[in-house]
S.K.: 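Here you go, one structure.
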Amino acid sequence: ALPTIYLVTPTYARSSQHVDLTRFCYTIRQVPKVHWIVVEDAEVHSPEVRRILNDCEVAFSHLVALTPPRENAQICRKVDSQPRGVKQRNTGLVELRRLLSLNGGRDGVVYFADDDNTYSLEIFERMRHIKAVGVWRVAFVGGLSYEGPVVDMGPNGPRISGWHVAWATDRKYPVDMAAFALNTRLITAQPDVYFPTHALDGHLETDFLSAVVPEGVELEPLGFELDRVLVWHTRTELPNLRQEGKLPPDRRPIII
Ligand code: UDP
Ligand code: MN
C-alpha cells in the first residue's frame with residue numbers, strides 16, 4: 001500500500017491565515033494518502049479553520065496548542081526561547097504517535113509543512129518513499145536564492161558531500177524546516193523525541209535532526225538530479241486594511 005504522508009502544520013490567527021490554509025489545502029488535496037495535522041497557536045479551535053479543514057477533502061486532525069510567553073528573552077538574546085511553531089509541531093508529534101499506534105505499523109512519512117510556503121506536487125511523491133530521512137533544496141532561505149545539499153554520484157549511488165549554505169555553516173544539519181521529511185518509524189521508535197523548546201536562533205532544525213537521526217544513518221537527497229527547486233519558503237504579505245476604520249461596521253460581517 002502507498003505510504004501515508006502526515007503533514008504537521010502550525011498556524012496562527014492573522015489576516016492572511018485563511019488564505020494560506022486555503023492555498024495549502026488546494027495543493028495537498030491533489031496528493032493521495034495524506035493526513036493533515038493542523039495545530040492552531042490558539043486557546044480554542046477556530047470555527048473558520050475547522051470549516052477550511054472540513055471542506056478540504058483530506059483526512060485531518062484539528063488541534064490547538066498555545067505558544068507560552070517567551071522566557072528570558074532579554075537575559076539570553078542568543079537563545080530563541082519557544083521559537084514560532086515549536087509547541088504546535090510537538091503537539092502534532094503527540095497526535096502523529098497516536099495515529100501511528102492505531103494504524104498497525106503501516107509505512108508513512110512526516111513532513112513539517114508551514115502554512116505559508118509553496119510546495120510543488122512533485123516533492124510529495126518523492127518524500128513518500130523515504131527510508132529514514134530525506135532532504136532537498138528550499139528556495140529563499142538563509143539569504144540565498146536556495147539552500148540545499150550538495151550531492152555527488154558515488155559508486156553506491158548519490159551521497160551528500162556538503163551543503164550549499166552561507167549562514168551558520170557550522171550547523172550539523174544546515175536546513176530549513178521545509179527541507180526534510182522523516183520515515184514515521186523514527187518517530188515511533190524514539191517516543192521521547194520532540195523539538196527543543198530552547199534553541200539558538202535558526203538552530204531549531206539542526207537540533208531536532210541531531211536528536212532524531214540515528215547514528216550512522218545517511219540522509220537521502222531528493223530532487224538533486226533536477227535543475228530546479230520543489231519547495232519555496234514564501235511569505236504572504238499582510239493586506240493593507242488602512243481604510244477599514246473609515247466605514248461603519250458591516251451589517252453582515254464577512255469572514256475573510
Ligand atoms: N506560527 C505559529 N505561531 C506564531 C508564528 C508562526 O504557529 O506565533 C506558525 C506559522 O503559521 C507557520 C510556522 O509557525 O506555519 C512558521 O512561522 P512563519 O511562517 O511565520 O515563519 P518563517 O516563515 O518566518 O520561517
Ligand atoms: Mn513562513
Side-chain angles (χ1 to χ4, degrees), residues 5-28 34 36-46 48-50 52-53 56 58 60-71 73 80-96 110-120 123 136-148 165-168 171 173-181 194-209 229-239 256:
I5 299 174
Y6 296 91
L7 301 165
V8 175
T9 301
T11 186
Y12 71 109
R14 63 206 186 272
S15 50
S16 67
Q17 181 182 34
H18 303 154
V19 186
D20 285 337
L21 290 173
T22 299
R23 189 198 298 113
F24 187 62
C25 153
Y26 288 165
T27 299
I28 62 171
V34 156
W36 192 13
I37 300 172
V38 177
V39 188
E40 290 190 64
D41 189 350
E43 267 174 284
V44 295
H45 295 71
S46 146
E48 282 318 308
V49 170
R50 171 61 66 122
I52 291 168
L53 301 186
C56 186
V58 304
F60 70 87
S61 304
H62 181 193
L63 307 162
V64 292
L66 189 67
T67 299
R70 277 181 168 233
E71 314 156 15
D80 189 359
S81 167
Q82 289 289 348
R84 53 185 57 186
V86 169
K87 183 85 189 284
Q88 295 73 33
R89 292 187 194 98
N90 284 341
T91 299
L93 281 172
V94 171
E95 170 68 358
L96 175 60
V110 57
Y111 183 40
F112 299 96
D114 289 352
D115 54 4
D116 57 343
N117 294 332
T118 305
Y119 305 90
S120 163
I123 196 59
W136 51 83
R137 303 177 193 116
V138 176
F140 312 145
V141 279
L144 297 175
S145 57
Y146 78 91
E147 277 183 357
V165 58
W167 183 81
R171 287 173 292 165
Y173 300 104
V175 297
D176 183 74
M177 196 63 68
F180 67 90
Y194 288 97
F195 284 89
T197 53
H198 295 69
L200 280 177
D201 212 0
H203 285 62
L204 182 65
E205 293 87 345
T206 192
D207 289 359
F208 175 69
L209 285 170
V229 302
L230 298 175
V231 179
W232 297 261
H233 180 249
T234 45
R235 285 177 173 153
T236 306
E237 186 182 5
L238 291 182
I256 310 295

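Remember, it's 1-based here, ligands and their atoms both numbered in the order they're listed.
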S.K.: Indicate yes or no for a side-chain donor-acceptor contact from H62 to the backbone of H45 under 3.5 Å, with no hydrogens or angles considered.
M.R.: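 Here the side-chain-to-backbone pair does not exist.
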S.K.: With a cut-off of 2.8 Å, does D115 place any N/O/S atom under that distance from the Mn ion (ligand 2)?
M.R.: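 Looking at D115, which is the residue asked about, there is no N, O or S atom under 2.8 Å from the Mn ion (ligand 2).
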S.K.: Between the side chains of D116 and T236, is a donor N or O closer than 3.5 angstrom to an acceptor N or O?
M.R.: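 Their side chains do not contain a donor-acceptor pair, so the 3.5 Å distance test is not met.
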S.K.: Can you tell me which residue and heavy atom of the protein come closest to atom 23 (O) of ligand 1, and the distance to 0.1 Å?
M.R.: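 Of every protein heavy atom, H233 NE2, 3.1 Å lies nearest to atom 23 (O) of ligand 1.
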S.K.: In ligand 1, which numbered atoms sit nearer than 4.0 Å to a non-hydrogen atom of D115?
M.R.: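 Per the distance check, 10 (C), 11 (O), 12 (C), 15 (O).
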S.K.: What closest approach, in Å, do G142 and E147 show between heavy atoms, and which atom pair accounts for it?
M.R.: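 Heavy atoms only, the tightest pair is CA-OE2, 3.3 Å.
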S.K.: Taking Q88 for the side chain and E40 for the main chain, is one N or O donor matched with an acceptor at less than 3.5 Å?
M.R.: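 No.
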S.K.: Backbone, side chain, both or neither: what part of R235 comes under 4.0 angstrom of ligand 1, heavy atoms only?
M.R.: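 It is the side chain that touches ligand 1; the backbone stays farther off.
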S.K.: Considering only the protein, which heavy-atom contact is closest to atom 16 (C) of ligand 1, and what is its distance?
M.R.: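 Minimum-distance protein heavy atom for atom 16 (C) of ligand 1 reads D114 OD2, 3.3 Å.
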S.K.: Assess the pair F112 and F195: is the distance between their ring centroids shorter than 6.0 Å?
M.R.: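 Yes.
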S.K.: Suppose we measure from atom 15 (O) of ligand 1 to each protein heavy atom; which comes out shortest, and what is that distance?
M.R.: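 For this ligand atom, the closest protein heavy atom is P10 O, 2.7 Å.
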S.K.: Just which atoms of ligand 1 are under 4.0 Å from any heavy atom in Q88?
M.R.: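 Here the atoms of ligand 1 in question are 7 (O).
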S.K.: How far is atom 19 (O) of ligand 1 from its nearest protein heavy atom, and which residue and atom is that?
M.R.: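 That would be D116 OD2, 3.0 Å.
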S.K.: What I want to find out is whether D115 reaches R14 closely enough, with some N-O distance under 4.0 Å, to be called a salt bridge.
M.R.: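 Salt bridge between D115 and R14, a charged N being under 4.0 Å from a carboxylate O: yes.
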S.K.: Among D207, L209, T206, find the one that has a side chain to side chain contact (heavy atoms under 4.5 Å, CB included) with R171.
M.R.: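 Running side chain to side chain contact (heavy atoms under 4.5 Å, CB included) over D207, L209, T206 with R171 returns exactly one hit, T206.
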S.K.: Write out the residue and atom name of the closest protein heavy atom to atom 2 (C) of ligand 1, then the distance separating them to 0.1 Å.
M.R.: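 The closest heavy atom on the protein side is Y12 CD2, 3.6 Å.
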S.K.: Examine distances only and state if a side-chain atom of Y111 and a backbone atom of A178 form a donor-acceptor pair shorter than 3.5 Å.
M.R.: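 Looks like yes, one N/O pair under 3.5 Å.
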S.K.: Give the atom name of whichever N/O/S atom in D116 sits closest to the Mn ion (ligand 2).
M.R.: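 Looking at D116, the N, O or S atom with the least distance to the Mn ion (ligand 2) is OD2.
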S.K.: Evaluating non-hydrogen atoms only, which member of R84, K87, M177 is closest to atom 17 (O) of ligand 1?
M.R.: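 Heavy atom nearest to atom 17 (O) of ligand 1 belongs to R84.
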S.K.: Kindly compute the distance separating CG (L21) from OG1 (T9), expressed to the nearest 0.5 Å.
M.R.: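 Going from the CG atom of L21 to the OG1 atom of T9 covers 8.0 Å.
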S.K.: So is T11 touching ligand 1 or not, going by heavy atoms under 4.0 Å?
M.R.: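 Contact present.
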S.K.: Of all the non-hydrogen atoms in the protein, which one sits nearest to atom 4 (C) of ligand 1, and at what distance?
M.R.: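 The closest one turns out to be D41 OD2, 3.5 Å.
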